[in-house]
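Please read the structure below before turning to the comments.
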Amino acid sequence: MTELAAAKAALKTQAVETPSWAYANSGTRFKVFAQRGVPRTPQEKLDDAAKVHEFTGVAPSVALHIPWDRTDDYTALAEHAGDRGVRLGTINSNTFQDDAYRLGSVCHPDAAVRRKAVDHLLECVDIMDATGSADLKLWFADGTNYPGQDDIRARQDRLAEALAEVYGRLGEGQRMLLEYKLFEPAFYTTDVPDWGTAYAHCLKLGPRAQVVVDTGHHAPGTNIEFIVATLLREERLGGFDFNSRFYADDDLMVGSADPFQLFRIMHEVVRGGGFTSGTAFMLDQCHNIEAKIPAIIRSVMNVQEATAKALLVDADALAAAQRDGDVLGANAVLMDAYNTDVRPLLREVREEMGLDPDPIEAYRRSGWAERIVAERVGGEQAGWGA
C-alpha cells in the first residue's frame, strides 16, 4: 500500500467524539448568547450530533454530561442515539456546580461532602452500564485560593481515596480518564494541575486509569506534544479534549489558535501508535458567538486536516535525518507535510465514503438549520449548566 493510500485508509477509520453541551447554549462565565433552534433535551442534542456525523462521517459518538443530560431512561436514550446513527460515548461527571462544592468535592475537608461527590461519580458509572459507554471522564475544580486554606497533602490523600473507590466500581471494558487543568477556579493550588499529578494517581490505580490531555489546559509555551509522546510511551494516554486557547482558557475551536501545534500533537499520536490504540479524540468546546452545528463540523474537519498532514510525514526520511544529525533536513520533513494542502485528499476520502466532499456546504443545503429554528419553539433551551 502506498503512503497516500495508507493515509486515506487511516482517515476513513478516524472517530472524533462530539460533546452534547456544545450543541446547547454555552459560552463564557460573563455571558451566554442564546441562539434560536438549540436543543431543549438530550434527545435533541443527539439529533444535532447525528447531523454532524451524517456530513463528516467521522463523528459517530456523543459525550454526555451528568447532570446536564440527566434523563429518566438512559437505555432509551442510547436507543434514540442508535436510531439516529450515532452512539453514546464518554460520560462526563459534574462536581463543580453544587453549592456544597465551594471548598472542593472529592478533596473537600468535610467527609459528608466528599461522600456526596463520590456518590455522583458512582452514579455516572451506573449510567455507563445503562448506555454501554466505556469511558468515565473526571475533571475536578478542586483546589484552594489562599496559602494555608487547607492541607495540600491531605487533599491528595482524599483524592486518591475517592478515585480508588470509583475505579473499583468500573466494569469490564470500562476506563477512568482523569483530566487536569493548570488553574481556575482554584488560584493558589489546584488538586489535579498537570499531567504528572494525573499520571501519578492513574499509575497507582491500575491500567484502566488513564490521562486526558485537554489542549487548552496548559500554560502558554507548554510543549503539549512532549506530554503526548511521554504518555503514549507509558501507555497512559486515554484521550484528548480538543480545543484552542489564545491565553489562559480554552473552548475556542480546535486548530483555530495554533494549527501547527495541533499538527505537531497529531504527529506524535501517529508516531506513538495513538491513532490505533484506543486513544479517545473528543471535542470540548463551547460555541458562544458562532452557530453551533457548523462550528462543530468545522472543528471535526480541522482535526481531520491535522491528522492527514501527520499521516503524510515521510517517517523514513525523518528517521534518516535524525540519525544523521541533519537538523534542518529533519525539520524540513515535518514542514513539508505540514505545508501540504490536504483538502483535496480529504475531499477524495469523503467521496469514497459516499459523503459530500464539502460537509459545511452540505449541511447548509440540508435545511436542518431552518428546520430546528421552526420546530424548537417553546420549552426550555438547554444551556451551560443545564
Side-chain angles (χ1 to χ4, degrees), residues 16-33 59 62-65 68 89-90 92-97 135 137-143 177-187 190-198 211-228 231 237-266 268-269 279-292 294-303 305-306 383-385:
V16 180
E17 187 166 280
T18 66
S20 64
W21 56 93
Y23 296 97
N25 284 324
S26 56
T28 71
R29 287 113 181 104
F30 303 101
K31 172 66 176 175
V32 173
F33 297 104
V62 187
L64 297 186
H65 192 290
W68 300 348
T90 306
N92 292 255
S93 62
N94 183 323
T95 56
F96 53 87
Q97 285 189 312
D135 291 340
K137 182 146 68 68
L138 307 179
W139 173 75
F140 300 107
D142 292 39
L177 306 183
L178 183 58
E179 186 177 350
Y180 59 91
K181 189 175 185 181
L182 176 65
F183 75 104
E184 191 198 38
F187 289 97
T190 299
D191 290 313
V192 190
D194 51 41
W195 73 273
T197 304
V211 180
V212 170
V213 175
D214 185 304
T215 52
H217 285 186
H218 301 85
T222 299
N223 191 314
I224 300 175
E225 55 267 34
F226 172 83
I227 299 170
V228 171
L231 289 173
L237 180 63
F240 286 95
D241 276 357
F242 281 130
N243 50 57
S244 288
R245 61 103 177 89
F246 283 101
Y247 296 102
D249 205 350
D250 54 9
D251 286 343
L252 297 178
M253 290 170 52
V254 59
S256 61
D258 187 351
F260 185 45
Q261 180 190 65
L262 181 59
F263 161 76
R264 300 194 309 266
I265 290 170
M266 292 310 300
E268 292 301 333
V269 168
T279 300
F281 302 99
M282 194 191 84
L283 304 180
D284 182 12
Q285 303 174 170
C286 292
H287 304 289
N288 196 24
I289 60 174
E290 63 269 37
K292 313 291 182 181
I296 297 170
I297 292 175
R298 180 67 257 180
S299 297
V300 172
M301 293 170 67
N302 287 351
V303 175
E305 290 175 14
W384 191 86

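Values below: every heavy atom of this structure, side chains too, minus hydrogens, waters and symmetry copies.
Using cut-offs of 30° and 60° for the angle between ring planes, the Phe183 and Phe187 rings count as tilted.
The main-chain N or O of Gly238 is never found under 3.5 Å from a side-chain atom of Thr279 such that the two would form a donor-acceptor pair. Proximity of a side-chain donor or acceptor of Asp284 to a complementary backbone N or O of Phe242 within less than 3.5 Å is not detected. Checking side-chain atoms of Asn288 against main-chain N and O of Glu290 turns up no donor-acceptor pair under 3.5 Å. With hydrogens and angles disregarded, a donor-acceptor distance shorter than 3.5 Å links the side chain of Lys292 to the backbone of His287. Between the side chain of Asn243 and the backbone N or O of Val254 there is no donor-acceptor pair closer than 3.5 Å. Ser244 places a side-chain N or O within 3.5 Å of a backbone atom of Met253 that can act as its donor or acceptor partner.
Counting heavy atoms of neighbouring residues, nucleotides and ligands inside a 6.0 Å radius, atom CZ of Phe226 does not exceed 12 of them.
The side-chain heavy atoms of Thr222 and Ile227, taken from C-beta on, include a pair separated by under 4.5 Å. Within the 4.5 Å cutoff, the side chain of Tyr23 has heavy atoms near those of the Thr18 side chain. Within the 4.5 Å cutoff, side-chain heavy atoms of Val269 are placed close to those of Phe240. Considering only heavy atoms from C-beta on, Thr215 stays 4.5 Å or farther from Leu262 through its side chain. Side-chain contact between Trp139 and Val192 is absent, with no heavy atoms from C-beta onward closer than 4.5 Å. The shortest distance between side-chain heavy atoms of Phe281 and Val303 does not fall below 4.5 Å. Residues Leu182 and His217 form no side-chain contact, since every pair of their non-hydrogen atoms from C-beta on lies 4.5 Å or further apart.
Nearest approach of Ile224 to Gln261, heavy atoms of both residues: CD1-NE2, 3.5 Å. The two residues Gly216 and Asp250 come nearest to each other via the heavy atoms CA-CB, 3.7 Å. When every heavy atom of Pro19 is checked against every heavy atom of Leu283, the shortest pair comes out as CG-O, 3.2 Å. Taking all atoms of both residues into account, the shortest heavy-atom contact from Val32 to Ser26 is CG1-N, 3.6 Å. Nearest approach of Glu184 to Thr190, heavy atoms of both residues: N-OG1, 4.4 Å. Annotation for Phe96 and Ala141: closest pair CB-CB, 3.7 Å, computed over non-hydrogen atoms.
Residue Asn92 is tested with His65, Lys137, Glu179 for a side-chain hydrogen bond (donor to acceptor under 3.5 Å, both in side chains); the sole match is Lys137.
Between the side chains of Asn302 and Ser299, no donor-acceptor pair is found at a separation under 3.5 Å.
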Notebook entry, point to check: When you look at Tyr180 and His218, which way does the ring-ring contact (aromatic ring centres under 6.0 Å, His included) test go after all the steps?
Noted result: CA-CA 9 Å; Tyr180 59 91; His218 301 85; 5.3 Å; yes
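Put simply, CH2 on Trp21 and CG on Leu64 are 8.5 Å apart, with the number rounded to the nearest 0.5 Å.
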